[in-house]
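In what follows, a structure is listed as structure tokens, so that the remarks can point back to it.
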Amino acid sequence: MDYQKYTIATLGSHSALQILHGAKAENFNTLLITTPDREKFYKRFSFIDEVKTIPTFADFPTVEKDLKDKNVIIIPHGSFVAYLGVEKNKNMTLAYFGNKAVLDWEQDRDKQKKWLLESKINMPPQYDSIEKAQFPVIVKSFGAAGGAGYFLAKEKQEFENKIKTFKSNKYIIQKYILGVTLYIHYFYSALTNSLEILSMDRRYETNADGLGRIPAIMQQEIDIDPSYVVVGNSPLVLRESMLPEAYDMGERLVASSKKLISDKGLFGPFCLETIITPDMNFYAIEVSARIVAGTNLFTDTSPYSIFHHEKPVSTGRRIAMEIKQAISENKLELILD
Ligand code: AMP
Ligand code: AMP
């Protein structure tokens with residue numbers, strides 16, 4: 001089969017290098033769409049066959065018709081929703097790897113909650129009103145704030161003070177869970193109906209992680225609210241006795257997506273963002289229904305990927321392998337939207 005008839009393409013940001021490196025390893029043509037300031041950077045890499053520039057990421061729809069005759073398959077990642085928004089993703093006319101129906105469930109905190117509950121995955125308790133809250137709480141705005149502008153409150157008065165200047169009037173109040181954050185990177189194959197854990201990461205979130213490096217007494221004195229803006233990732237492996245539940249949570253999430261979202265449900269790469277408490281329970285804070293950037297730690301292989309594949313397989317390469325299998329079995333319609 002001549003896979004070079006197909007071009008795997010993505011936006012130049014987030015996990016684009018991993019996705020296109022993986023696509024080239026599986027012999028696809030590769031194409032990157034980016035902004036002029038990043039063109040030079042991406043042209044350094046020989047596994048990217050073509051770099052196309054657009055003035056801003058939001059201009060993506062304007063290049064769609066040029067790409068129509070290239071047999072392009074778009075691989076979405078975190079920048080797609082961040083810079084294009086859900087509607088532009090849904091309206092994309094090029095072949096899109098994934099199920100667009102999942103976008104609404106990923107975006108809406110109420111829908112996420114319903115999905116996680118249906119999957120019997122614990123979530124941090126959430127409160128309709130501060131009167132009922134158990135402290136400390138974390139207050140999060142709706143929408144893809146990406147951890148910016150959240151605040152913590154250790155008692156009601158502190159909440160009342162901080163909410164006055166909070167930027168968003170749509171927010172949720174959650175119990176703050178003290179534990180180890182762990183982001184689990186899954187891949188579910190719609191072709192074989194099987195689930196793999198490919199890797200895991202923790203995030204470095206400034207300045208939440210920076211605050212931990214100064215003594216508690218000084219933390220009190222400087223009175224800084226932690227910010228959860230992510231700037232990098234580090235690897236972590238999980239206690240092996242917790243791995244069965246990690247796999248089961250992923251399977252339950254996929255099963256309930258087929259019931260709640262659509263027959264196709266969730267497939268391809270996704271991530272469950274969890275916090276693990278001292279009683280070894282997972283609390284899920286979010287589902288990302290796409291490749292997450294923490295997988296960039298494992299552009300070759302990972303301590304988990306190696307158990308599923310004989311060769312080095314990153315999440316980016318795993319996506320290309322799935323597309324390749326779908327092409328050779330004539331089943332592309334199962335994985336494209
Ligand atoms: P970017 O294209 O880097 O601006 O990122 C797009 C989206 O992905 C933003 O919402 C970021 O918060 C998220 N993101 C980017 N890099 C990472 C990372 N290394 N770990 C977790 N999330 C990330
Ligand atoms: P999110 O935007 O929901 O991915 O959250 C961003 C970051 O805030 C997470 O990576 C955690 O570090 C922190 N966080 C969010 N929710 C909670 C919670 N309920 N308890 C403790 N930390 C949280």
Side-chain angles (χ1 to χ4, degrees), residues 10-19 32-35 37-38 41-42 56-58 60 76-86 89 106-109 112-113 116 121-127 133-154 168 171-185 199-212 225-236 269 271-277 281-299 315:
T10 196
L11 286 181
S13 197
H14 193 270
S15 46
L17 290 174
Q18 184 199 158
I19 291 169
L32 181 113
I33 303 118
T34 197
T35 47
D37 53 324
R38 301 185 188 190
F41 167 69
Y42 283 110
T56 69
F57 285 130
F60 180 76
H77 52 58
S79 304
F80 278 68
V81 169
Y83 302 122
L84 299 179
V86 170
N89 273 268
E106 186 191 34
Q107 175 82 355
D108 182 322
R109 289 197 190 275
Q112 277 228 0
K113 189 173 159 195
L116 287 162
I121 296 174
N122 294 326
M123 287 189 74
Q126 202 166 300
Y127 311 108
Q134 265 188 26
F135 291 93
V137 293
I138 181 166
V139 179
K140 309 181 187 182
S141 55
F142 265 58
Y150 293 4
F151 73 81
L152 298 184
K154 59 181 178 306
S168 171
Y171 56 84
I172 54 167
I173 308 169
Q174 256 184 13
K175 183 168 181 190
Y176 185 86
I177 305 289
L178 203 60
V180 173
T181 52
L182 176 80
Y183 297 76
I184 309 169
H185 315 148
S199 48
M200 297 177 188
D201 80 299
R202 293 197 68 186
R203 289 187 186 161
Y204 274 99
E205 295 170 325
T206 175
N207 50 12
D209 285 299
L211 274 171
D225 255 317
S227 151
Y228 298 93
V229 175
V230 61
V231 286
N233 312 73
S234 65
L236 190 76
C271 172
L272 198 53
E273 307 183 357
T274 70
I275 303 178
I276 305 169
T277 46
N281 278 318
F282 291 95
Y283 285 84
I285 49 178
E286 214 162 277
V287 183
S288 292
R290 64 194 63 250
I291 183 170
V292 290
T295 59
N296 288 340
L297 284 161
F298 310 100
T299 48
T315 294

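Order of appearance sets the numbers: ligands from 1, and atoms from 1 within every ligand.
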Does [X] use its side chain to pair, donor to acceptor, with the backbone of [Y] at less than 3.5 Å?
{"X": "E205", "Y": "V229", "result": "no"}
{"X": "Y83", "Y": "G78", "result": "no"}
{"X": "N296", "Y": "H14", "result": "yes"}
{"X": "R109", "Y": "I172", "result": "no"}

#### Entry: F151 side, atom CZ; D225 side, atom CG - distance, nearest 0.5 Å
8.0 Å
### Query
Quick one: does ligand 2 sit under 4.0 Å from the side chain of Y150, the backbone, both or neither, non-hydrogen atoms only?
side chain
Numbering the atoms of ligand 1 from 1, which are under 4.0 Å from a heavy atom of [X]?
{"X": "H14", "value": "2 (O), 8 (O), 14 (N), 15 (C)"}
{"X": "G78", "value": "6 (C), 7 (C)"}
{"X": "Y83", "value": "1 (P), 2 (O), 4 (O)"}
{"X": "A293", "value": "16 (N), 17 (C), 18 (C), 19 (N), 20 (N), 23 (C)"}
{"X": "S79", "value": "1 (P), 2 (O), 5 (O), 6 (C)"}
{"X": "S13", "value": "1 (P), 2 (O), 3 (O)"}

Going by distance only, is there an N or O of [X] that falls short of 3.5 Å from an N or O of ligand 2?
{"X": "R109", "value": "no"}
{"X": "Y228", "value": "no"}
{"X": "P124", "value": "no"}

If you count the atoms of ligand 2 from 1 in the order shown, which ones are under 4.0 Å from a heavy atom of [X]?
{"X": "K175", "result": "18 (C), 19 (N), 20 (N)"}
{"X": "E273", "result": "4 (O)"}
{"X": "E286", "result": "1 (P), 2 (O), 3 (O), 4 (O)"}
{"X": "K140", "result": "3 (O), 15 (C), 16 (N)"}

### Of the listed options L178, I177, V139, closest to atom 20 (N) of ligand 2 (non-hydrogen atoms)
I177
#### Entry: Pick from T274, D209, I138: the one approaching atom 18 (C) of ligand 2 most closely through a non-hydrogen atom
I138
### Message
When you compare the side chains of R202 and T181, does any donor N or O come within less than 3.5 Å of an acceptor on the partner?
### Response
yes
### Message
So P124 and I285, do their side chains get closer than 4.5 Å, heavy atoms only?
### Response
yes
### Message
Side chains of H77 and R290, heavy atoms from C-beta outward: is any pair under 4.5 Å?
### Response
no
### Message
Tell me whether ligand 1 is touched by Y183 - counting only heavy atoms on the residue side and a distance under 4.0 Å.
### Response
no
### ligand 1 contacted by N233 (non-hydrogen, < 4.0 Å)
yes
### Message
Checking V292 against Y183 for the side-chain contact (heavy atoms from CB on, under 4.5 Å) test, could you report, in this order, the C-alpha distance in whole Å, the side-chain angles of both residues, the deciding distance, and whether it holds?
### Response
CA-CA 9 Å; V292 290; Y183 297 76; 5.9 Å; no
### Query
So K154 and Y176, side-chain contact (heavy atoms from CB on, under 4.5 Å) or not? Walk me through it.
CA-CA 9 Å; K154 59 181 178 306; Y176 185 86; over 6 Å; no
### Message
Tell me if the OH atom of Y204 is crowded by more than 12 foreign heavy atoms within 6.0 Å.
### Response
no
### Query
Step by step, would you call F57 with T34 a side-chain contact (heavy atoms from CB on, under 4.5 Å)?
CA-CA 7 Å; F57 285 130; T34 197; 4.0 Å; yes
### Query
Between R203 and ligand 1, which residue portion shows a heavy-atom distance shorter than 4.0 Å: side chain, backbone, both, or neither?
side chain
